[in-house]
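Take a look at the structure set out below.
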Amino acid sequence: NLVPIMAKLEQRELGNTGLKLSSVGFGASPLGNVFGNVSEKDAIDTVREALNLGINFFDTSPYYGDTLSETMLGKCLEAIGVPRDQFIVSTKCGRYGSGFDFSAERVTKSIDESLSRLKLDYVDILQCHDIEFGDLDQIVNETIPALQKLKKEGKIRFIGITGLPMEVFSYVLDRVPIGSVDVVLSYCHYSINDTALEDMLPYFKSKGVGVISASPLAMGLLTERGPPEWHPASPELKSACKAAAAHCKEKGKNISKLSLQFSLSNKEISSVLVGMNSVQQVVENVAAAVELTTVGKDGDILLEVETILQPVKNQSWPSGIQKS
Ligand code: NAD
Ligand code: MG
């Protein structure tokens with residue numbers, strides 16, 4: 001019983017950038033075949049449907065599918081022919097199929113490569129990708145200053161940092177001038193099983209930084225299909241999520257819808273990035289968002305799922321070279 005999509009998707013301001021992002025953002029990592037193969041036609045149809053339904057924010061990285069995600073997204077945007085001021089693109093630098101390199105030289109070259117794959121003159125946001133794998137002092141002293149130059153040159157409009165452990169964000173934000181980092185992208189920390197991002201929101205606000213939250217489905221854990229084989233969660237966390245998904249199904253509910261609505265319900269988060277690789281997923285996810293603003297949350301099933309996930313609440317996994 002899908003609620004018909006009548007309204008355009010809600011948009012939310014991103015920190016001090018002046019950008020208005022759709023509350024549901026399009027995670028383009030699946031276009032790099034990260035969750036299984038996607039044909040060019042399916043990719044184009046999926047991106048077109050997203051734009052039609054009011055999704056204006058697309059996130060990619062040269063790392064996803066070893067540049068394939070950027071190339072595919074570029075082909076899609078070109079094929080659809082949407083005017084440049086109608087969509088917002090973020091890509092990343094410093095993480096590649098070949099490994100990590102946050103040097104000024106590499107990230108400066110990297111944006112040109114990304115722009116050429118995306119077939120764009122500029123990206124709206126360029127983010128240092130998974131900084132816990134880099135030297136954080138290099139991020140502060142070398143990478144972010146290099147990105148400031150790219151901003152002056154007009155190749156990027158805003159600067160961001162991404163990562164899994166929360167402490168890398170404050171390490172950097174406490175050491176750079178206010179206003180030099182515009183955005184943080186956190187992932188897997190604002191979903192039913194893990195809400196660690198919530199505690200950091202006042203801090204990010206105090207730093208004038210906009211917040212994007214990715215992976216509301218915990219990179220596939222909170223789906224009926226389950227996570228991909230490479231998923232880093234512990235067996236305990238995987239089996240708790242599997243039990244939660246089974247419980248929802250038994251009650252005639254969908255774990256992915258519930259999870260996305262949970263992530264969307266905090267308006268301090270400007271956009272929730274969901275990885276999508278089919279028209280059906282786009283339709284379902286936008287419908288879930290619209291239903292949340294019109295009908296509201298499904299509180300009973302949420303409470304049941306929260307109870308199932310309580311033993312693994314906020315359980316994460318190690319990431320990066322810093323201690324966490
Ligand atoms: P996700 O939690 O969004 O899960 C994606 C998976 O869920 C895919 O398998 C997708 O096919 C499936 N899915 C999507 N909608 C569904 C639906 N309605 N029903 C059932 N299954 C559905 O995880 P993600 O893709 O890793 O994260 C989203 C995006 O966020 C990424 O594509 C990327 O753009 C961004 N991201 C960035 C970082 C980073 O910068 N370090 C990390 C993680 C994610
Ligand atoms: Mg990643």
Side-chain angles (χ1 to χ4, degrees), residues 2 24-38 42-43 46-47 49-50 55 57-65 68-70 72-73 88-95 100 125-134 160-165 168-169 183-194 197 212-233 241 245 248-249 253-264 269 271-289 291 316-317 319-320:
L2 276 182
V24 175
F26 189 101
S29 74
L31 302 188
N33 294 346
V34 169
F35 292 91
N37 286 342
V38 184
D42 286 347
T46 305
V47 170
E49 188 71 11
I55 293 179
F57 177 43
F58 296 83
D59 177 73
T60 182
S61 164
Y63 173 65
Y64 300 149
L68 182 62
S69 168
E70 283 189 338
M72 270 293 203
L73 182 60
I88 293 163
V89 169
S90 71
T91 192
K92 311 198 182 78
C93 63
R95 180 167 204 178
F100 291 88
I125 310 170
L126 184 64
Q127 314 184 81
C128 305
H129 195 172
D130 293 342
I131 57 172
E132 68 268 28
F133 290 93
I161 50 180
T162 87
L164 184 70
V168 299
F169 294 126
V183 184
V184 298
L185 188 165
S186 162
Y187 72 101
C188 289
H189 287 314
Y190 203 97
S191 54
I192 304 175
N193 60 301
D194 184 337
L197 173 60
I212 296 163
S213 178
S215 310
L217 313 183
M219 303 192 302
L221 285 178
L222 301 173
T223 61
E224 276 176 15
R225 185 184 169 189
E229 181 259 317
W230 50 260
H231 200 291
C241 291
C248 284
K249 197 168 183 187
K253 307 282 180 174
N254 184 292
I255 185 86
S256 299
K257 176 180 165 185
L258 188 72
S259 304
L260 178 58
Q261 290 186 334
F262 177 86
S263 300
L264 285 166
I269 293 166
S271 189
V272 175
L273 278 168
V274 201
M276 293 182 255
N277 57 21
S278 70
V279 168
Q280 192 198 332
Q281 286 182 355
V282 171
V283 170
E284 276 181 25
N285 294 338
V286 173
E291 188 182 313
S316 193
W317 45 85
S319 179

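When a ligand or atom number is given, it counts from 1 through the structure's own listing order. All heavy atoms count here, side chains included; hydrogens, waters and symmetry mates do not.
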>> Quick check for you: to the nearest 0.5 Å, what is the distance between S191 atom OG and L217 atom CG?
In response: 8.5 Å

> A28 heavy atoms, cut-off 4.0 Å: which ligand 1 atoms fall inside?
Replying inline: 32 (O), 34 (O)

> P30 to ligand 1: N or O pair under 3.5 Å?
Replying inline: no

> If you measure from atom 39 (C) of ligand 1 to every heavy atom of M219, Q127, H129, which option wins on shortest distance?
Replying inline: H129

> Going through the distances and angles, do E284 and S256 end up as a side chain to side chain donor-acceptor pair (under 3.5 Å)?
Replying inline: CA-CA 9 Å; E284 276 181 25; S256 299; over 6 Å; no

> How many angstroms lie between CG in D130 and OH in Y187, if you round to the nearest 0.5 Å?
Replying inline: 5.0 Å

> Out of A288, S215, A214, who gets a non-hydrogen atom closest to atom 24 (P) of ligand 1?
Replying inline: S215

> From S61 OG over to L185 CG, what is the distance, rounded to the nearest 0.5 angstrom?
Replying inline: 10.5 Å

> Does any N/O atom on L217 come nearer than 3.5 Å to any N/O atom on ligand 1?
Replying inline: yes

>> Check this for me - ligand 1, T60, N or O atoms closer than 3.5 angstrom, yes or no?
In response: no

> Less than 3.5 Å between some nitrogen or oxygen of G275 and one of ligand 1, yes or no?
Replying inline: yes

>> For the residue pair T60 / S69, report whether a side-chain donor-acceptor contact shorter than 3.5 Å exists.
In response: yes

> Taking the minimum heavy-atom distance to atom 37 (C) of ligand 1, which of Y64, F133, Y187 ranks first?
Replying inline: Y64

>> If I take atom CD1 from residue I192 and atom SG from residue C241, how far apart are they, to the nearest 0.5 angstrom?
In response: 9.0 Å

>> So if I count the atoms of ligand 1 from 1 in the order they appear, which ones are less than 4.0 Å from some heavy atom of G27?
In response: 29 (C), 31 (C), 32 (O), 34 (O)

> Between atom CD1 of I125 and atom OG1 of T162, what is the distance when rounded to the nearest 0.5 Å?
Replying inline: 12.0 Å

> Going by the atom numbers of ligand 1, which of them fall below 4.0 Å from some non-hydrogen atom of T162?
Replying inline: 39 (C), 40 (O), 41 (N)

> Does N285 reach ligand 1 with a nitrogen or oxygen that is under 3.5 Å from one of the ligand's nitrogen or oxygen atoms?
Replying inline: yes

> What atoms of ligand 1 come within less than 4.0 Å of a heavy atom belonging to N277?
Replying inline: 11 (O)

> In ligand 1, which numbered atoms sit nearer than 4.0 Å to a non-hydrogen atom of G220?
Replying inline: 4 (O)

>> At less than 4.0 angstrom from any non-hydrogen atom of A218, what atoms of ligand 1 do you find?
In response: 2 (O)

> Do any N/O atoms on D130 end up under 3.5 angstrom from N/O atoms on ligand 1?
Replying inline: yes

> What distance do N277 atom CG and D42 atom CG have between them, rounded to the nearest 0.5 Å?
Replying inline: 8.5 Å

> So, do N33 and V38 sit near enough that their side-chain heavy atoms are less than 4.5 Å apart?
Replying inline: yes

